[in-house]
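Down below is the structure, laid out as structure tokens.
Order of the sequence lines sets the chain letters (A, B, ...), proteins ahead of strands, with each chain counted from 1.
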Number of protein chains: 2
Amino acid sequence: MKCISESTEERIKEAAKTVFLEKGFDGTTTRDIAKAAGINSALMNYYFRSKEKLFQSIFNDMCTLMFEGMLDLVNRPISLRDKISKLMDHQFQMMMQNPNLTIFIMNELHRNPERLYATVGMAKKLPESIFHQQIEDAIAQGIITPIDSHHIMTMIIANIQFLFVSKPMTMLAQGLDEAGFNAFATRHMEYVKDMICEYLFKPELSS
Amino acid sequence: MKCISESTEERIKEAAKTVFLEKGFDGTTTRDIAKAAGINSALMNYYFRSKEKLFQSIFNDMCTLMFEGMLDLVNRPISLRDKISKLMDHQFQMMMQNPNLTIFIMNELHRNPERLYATVGMAKKLPESIFHQQIEDAIAQGIITPIDSHHIMTMIIANIQFLFVSKPMTMLAQGLDEAGFNAFATRHMEYVKDMICEYLFKPELSS
DNA sequence: AAAAAGTTTAATCATTTGATTAAAATAAAA
DNA sequence: TTTTATTTTAATCAAATGATTAAACTTTTT
């Protein structure tokens, strides 16, 4: 998967990302990372000054991965209905490729909100977007149910993200394997897309 | 809050619950627990043989707290509409009292699925309930949209649980304090109850 | 009251862990 | 090639951590 001549710094970051996402900050030892990267454990401190610094770097990358695509979408000049659909599709794709991204971010943020506030600052930009204005306009025009955009955004995010946050539990409760879970998630996506759109865009409102 | 003559064992469990829920298994030291319980750290090993055993005990309690009320509800002989509403109310109450219950369980399960599978076994009982049969009946009678009960249960759970899983992020993104978050969550509850019920119980189906 | 059982503590052990250091290996510059 | 700078390693340190032990203290039993 990796090209042969990958810089040591990148190798360390790749390994750290894998291990941190799997075990979290507290559950990860610097030796874990060194082993996963195939390097001497002192090298980690040579490139990144400490476990904490390396973690901050990874956490920042993960927040960017989480939010940049969504930020791009909420500000794109497309119709509300299309935007909501694309927002959900994008999240779903992202989570299928990185199933433990959300549990990682949410958990680390829960453990240490102060330490990570700066890093997650981009989350603040989500509410202040074109999306918000579009919602207000649509409400004024009677196209959608009157409801604050924060709630809509929360619905969009929760129904997809929680699927993956609870992945191990769902697999256990339903006795699914990886493929079975993916099928369930894919089907669920369609249902929640319908549910949210039907809730917002009521026929009696648009008529 | 605690009565004066509380058994040492209970004091330790109370403290361990608080610390484990806050910091997780990896982030918690036995000294943390001892300090929180106001005891010598060797006492923990006297009552519970190890940190691992104590954790298992707490984790089991938390799973029970999470699922027993819901299991009771899904099997109660009440109407589907009432049941869905009560399921959501119950979860909401539970999470208001224990906001980090879900992130704790989901995270520990993610870190160590095998170790905790036995403990979470009760989650398996959720799908095999009267609720499931009620859904199938309602679909057969054309009262609700045809959809597998797993998906309905997931919608019910996700829309509430994720509110609390993402609590720190929501507070940051919207600049809310504790009271502000609670107000947001309470309002959101009403929206998602409406959304789910409207999605399932379509007027054209019941007529 | 004396003995026995149960509870609690201080001191300590062996590992683990994040980090440093000094030296070795490699690459770059002169 | 020699010198200098950069990269990598082995060895090690100090602190933290889970656990144990032996002794002190308390309660219960006889």
Inset, instruction - Decide yes or no for B:Lys13 and B:Lys17: does some side-chain heavy atom of the first lie under 4.5 Å from some side-chain heavy atom of the second? - result: no

Inset, instruction - Mark yes or no: A:Arg111 above the aromatic ring of A:Phe25, with NZ or CZ under 6.0 Å from the six-membered ring centre and no more than 45 degrees from the axis. - result: no

Inset, instruction - Please report, rounded to the nearest Å, how far the C1' atom of D:dA16 is from the CD1 atom of B:Ile33. - result: 15 Å

Inset, instruction - Quick one: label B:Phe48 by what it contacts on the DNA or RNA (base, sugar-phosphate, nothing), any heavy atom closer than 4.0 Å. - result: nothing

Inset, instruction - For the side chain of A:Tyr46, starting at C-beta, report the closest nucleotide among D:dT8, D:dG18, D:dT9. - result: D:dT8

Inset, instruction - Provide, to the nearest angstrom, the distance between the CG atom belonging to B:Asn40 and the P atom belonging to D:dA24. - result: 15 Å

Inset, instruction - Could you pick out which residue, A:Ile39 or B:Ser41, lies toward the 5' side of DNA chain D when each is mapped onto its nearest nucleotide? - result: A:Ile39

Legend entry - Separation of atom CD1 in A:Ile12 from atom P in D:dT7, rounded to whole Å: 11 Å

Legend entry - Spacing of B:Asn45 atom CG relative to D:dA22 atom P, expressed in whole Å: 16 Å

Inset, instruction - Rounded off to whole Å, could you give me the CZ-to-C1' distance for the A:Arg31 and D:dT12 pair? - result: 11 Å

Inset, instruction - Please state how far atom NZ in B:Lys51 lies from atom C1' in D:dA16, giving the value in whole angstrom units. - result: 12 Å

Legend entry - Start and end of chain B contact along DNA chain C [non-hydrogen atoms, under 4.0 Å]: C:dG6 to C:dA10

Inset, instruction - Would you check if B:Gln161 and B:Met106 make a side-chain contact, meaning some heavy-atom pair closer than 4.5 Å? - result: no

Inset, instruction - Write down the distance between CE (B:Met44) and P (D:dT17), rounded to a whole number of angstrom. - result: 13 Å

Inset, instruction - Answer whether the closest heavy-atom distance between the side chains of B:Glu108 and B:Arg115 falls below 4.5 Å. - result: yes

Inset, instruction - Check whether the ring centres of B:Phe20 and B:Phe104 lie less than 6.0 Å apart, and answer yes or no. - result: no

Legend entry - Under 3.5 Å: donor-acceptor pair, side chain of B:Ser85, backbone of B:Arg81: no

Inset, instruction - Ignoring backbone atoms, test whether A:Thr8 places a side-chain nitrogen or oxygen under 4.0 Å from the OP1 or OP2 oxygen of D:dT8. - result: yes

Legend entry - Nucleotide D:dA16, atom C1' - distance to NZ of B:Lys23 in whole Å: 13 Å

Inset, instruction - Can you tell me which residue pairs pass the salt bridge (charged side-chain N to carboxylate O under 4.0 Å, His left out) test with a partner in residues 149-171 of chain A, sequence neighbours excluded? - result: A:Lys167-A:Glu178

